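What follows is one structure encoded as structure tokens, with my remarks underneath.
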There are 2 protein chains.
Amino acid sequence: MTDGKPTLRDVAAAAGVSPMTASNALRGKPGVKESTRLKVLAAAERLDYRINLTASMLKSGRSNIIHIIVNEFDSPFYSKLVQSLATETTARGLTPFVEQTRYSPDAAKHALATNPFSGQLFDGEIIHAAGLNTDVPLAAMNHGRPLVLIDACEDTPSFDTVNFPNEEGARAAVQHLIERGCRHIAIVGTDYAPRNELARVEDSAGLRLRGASGALLDAGLPYDESVTFSAYNSTRGTEAGHAIARAILEQRAGRAGSAAAGSADGTNGTAGTVEMAGTSGSGPTAATAMAFDGVFCSNDYAAFGVIRGLADYGIAVPGDVKVIGFDGATSGAYTTPTLSTIQVDLDQLAQFALDMITRRVEQRSQGAADTPATRATIGYTLVSRESTTAER
Amino acid sequence: MTDGKPTLRDVAAAAGVSPMTASNALRGKPGVKESTRLKVLAAAERLDYRINLTASMLKSGRSNIIHIIVNEFDSPFYSKLVQSLATETTARGLTPFVEQTRYSPDAAKHALATNPFSGQLFDGEIIHAAGLNTDVPLAAMNHGRPLVLIDACEDTPSFDTVNFPNEEGARAAVQHLIERGCRHIAIVGTDYAPRNELARVEDSAGLRLRGASGALLDAGLPYDESVTFSAYNSTRGTEAGHAIARAILEQRAGRAGSAAAGSADGTNGTAGTVEMAGTSGSGPTAATAMAFDGVFCSNDYAAFGVIRGLADYGIAVPGDVKVIGFDGATSGAYTTPTLSTIQVDLDQLAQFALDMITRRVEQRSQGAADTPATRATIGYTLVSRESTTAER
DNA sequence: CTGAAAGCGCTAACAG
DNA sequence: CTGTTAGCGCTTTCAG
């Protein structure tokens, strides 16, 4: 150690062994006498030695870093997803490297393919980001490194995939609304699609719609364009809430017409000017005498927006309408009303994803051939909170 | 390029130049003829060359990676902070490496000091995490690399620091409540401290308490133990809400006694059994005839909890009590009621922090001596939303 | 079980 | 403006 940080050579010298033995001892490789190992560890401790990872990575070609690509940090869903993935990665002695794409497909492709880190540094990737789906040549972009997709929803997976319980969860959510007495249920979060088209969907939103609509039809309740309201983010969740509120007020009045905003809202000036969202809910809808009394939202963010939008028109949750979301965002336990939701098990997701990654990493390091892509679906819990409470 | 990825040597060969010239051309160093540079870039493009960062980092000792250490990902405050920091870091051509400590001081110290990445890989660190304050030997742990603390609140900064507008923001928040007609204001988020002790606080919570209490006293309103309720996270925010609710009900009844929960809550069974939080609010408080009509929370998370806790007792916001938070969490715009808050400018924070880091990095690369620690305080906007609306 | 040699791919320093 | 030399610190390989 001339001056700067101690190197492996310094540790070896201090321990009276060769650099190679020191390296093996430090890394816990088998085939080092216990007494030797202790000597080396003591020397390293004494010198406050820290391995130089850049050198290690350069030589070995492995980094133990897992690349996690998500759309953003600041949303109830992603912040929780990232927390679970990062925690599990760390628990396994690997290092999580989290990158956000901000929903830009270009940024996502860059993160995966052209970013120099991705090219050579990462041992594997876990991806839930717009633009990185199976329509693009992921394997090529990724140079064939281990890759786990989250919620890719392919029928026959081309990559290791961990899916959400989209259809079952959505079905359970709608059934819950029905059990709570709802008979006219709106679906927020997806564009309408007829049932026959839903038979062959391979995406998250479609599967949730399939589950939700199936539950409606099984119960003899209506499923058509008039009950679906699209909403891809919270703002549109609010718009969907407005649309549903107006539909309710029109239905209550027994006729089509202008519904006055009955909100107590003094600061939010948008209530009177929002446009209709979704494919329907506006104007004189045919044979819908009964007002909406339940809403299934395909994510919690949209659910918060819907509750917000309903409130703008003075419609109370769960008093007038019950609302259930999907995801299990942490904040749903603290809002007013607290939000009923399909809480997906993100810790389990993280475990599955890391199992898949580490399996492939090990396969490769042993020169074994790649095994076929696997798929797992995580569990969920229906969390019943105030937003679907029966009594009022 | 024998077989695997193309190396710089391959690019140089393809372009008919030396590796060094290729390196300089690729990195945009001055002193390369334009025609040569173009040849090199074309060759790199053609070969789909990607620099090997491990080799680059090993040789140069620089990584362009900024280490961002925070307590967690999944909270309204941190998810937004991380998003701002990561976005700004990327915008400057640097790479953000975000790590969570989950509030463990040991994990935080490990992240900063013993994690091998920290030892040699990162060009600088931006820190907002429990356990990494100026009580510990940060400079030594960090081996003297550039370091920016967020909200360290030292009177004379020992490290580059970006502070929140703690005192001014809290003062503005309480003044806002007063302007909205509140005359009996509770403070949630900090343990009570007498005014004379607050003169010399050097921490975020103390400064917010100083600002809030100052505003109360300036307006001739009471500031004593009976108006403070501690709350360090959302759960305790809820407890504080319960305590405030009970105080209100007692005060309304004009005497001490059991306050019945008047909640419409059918699922949350805790209302009747929670313990009192904070230092007061329970039992027969002396001369407090007037019920609380306003609450200042020193963070939004606590504010959500307080609103939640008040609702458990049937107390409405803003109808019965107005509530304002601090931070400007994204979700405050979508809750019901929407949350008034002191919205701090996290994008500005990110800019300041990165200015400070890059300045030091450049200083070092030029062998200049370190300049004294600097400090900046970010701006805020008082966002007035439903939770402090005057009309009902 | 331990050691010696070689080099991963790049870039700082200097020579041409 | 371009090329040559040398070596960052580690680990793979293979010999002892």
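Heavy-atom basis, side chains included; hydrogens, waters and symmetry copies ignored. A, B, ... follow the sequence lines: proteins, then strands. Residue 1 opens every chain. Just so we're clear, the structure is a prediction, and the values are computed from it rather than from any experiment.
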Figure out the [atom1]/[atom2] separation between [X] and [N], and round it to whole Å.
X        : N       : atom1 : atom2 : answer
Asn24(B) : dT2(D)  : CG    : P     : 10 Å
Leu26(B) : dC10(C) : CG    : P     : 9 Å
Asp10(A) : dG9(D)  : CG    : P     : 9 Å
Asn52(B) : dC10(D) : CG    : P     : 17 Å
Leu58(A) : dG7(D)  : CG    : C1'   : 12 Å
Arg9(B)  : dT4(D)  : CZ    : P     : 12 Å
Arg62(B) : dT11(C) : CZ    : P     : 12 Å
Arg27(A) : dG9(D)  : CZ    : C1'   : 13 Å

Are any of [X]'s side-chain N or O atoms less than 4.0 Å away from OP1 or OP2 of [N]?
X        : N       : value
Thr7(B)  : dC8(C)  : no
Thr21(B) : dG3(D)  : yes
Tyr49(A) : dC10(D) : yes
Ser56(B) : dT11(C) : yes
Ser23(A) : dT11(D) : yes

Hydrogens and angles aside, do [X] and [Y] bring a side-chain donor and acceptor to less than 3.5 Å of each other?
X         : Y         : answer
Ser18(A)  : Thr21(A)  : yes
Thr161(B) : Glu154(B) : no
Arg102(A) : Thr87(B)  : yes

Among residues at least two apart in sequence or on other chains, which ones pass side-chain hydrogen bond (donor to acceptor under 3.5 Å, both in side chains) with Asp355(B)? Arg92(B)
Measuring from the side chain of [X] (C-beta onward, heavy atoms only), which nucleotide among [options] has the closest atom?
X        : options                  : result
Met20(B) : dA12(C), dC10(C), dG3(C) : dA12(C)
Leu8(A)  : dG3(D), dC10(D), dC10(C) : dC10(D)
Lys59(B) : dC10(D), dG3(D), dA12(C) : dA12(C)

Pair Phe97(B) and Phe122(B), ring centroids less than 6.0 Å apart: yes
A side-chain contact here means heavy atoms from C-beta on lying under 4.5 Å apart; do Leu26(A) and Leu8(A) qualify? yes
Are side-chain heavy atoms of Leu81(B) and Val70(B) found at a separation under 4.5 Å? yes
Just call it for Leu53(B): base, sugar-phosphate, or nothing, with non-hydrogen atoms closer than 4.0 Å on any strand. nothing
Pull out every residue in residues 30-37 of chain B that has a heavy atom closer than 4.0 Å to any atom of DNA chain D, ordered by number, or say none. Gly31(B), Val32(B), Lys33(B), Thr36(B)
Short N-O contact, Asp123(A) and Arg145(A), less than 4.0 angstrom: no
Specify the residue among Pro19(B) and Ser60(B) whose closest nucleotide of DNA chain D lies further upstream toward the 5′ end. Pro19(B)
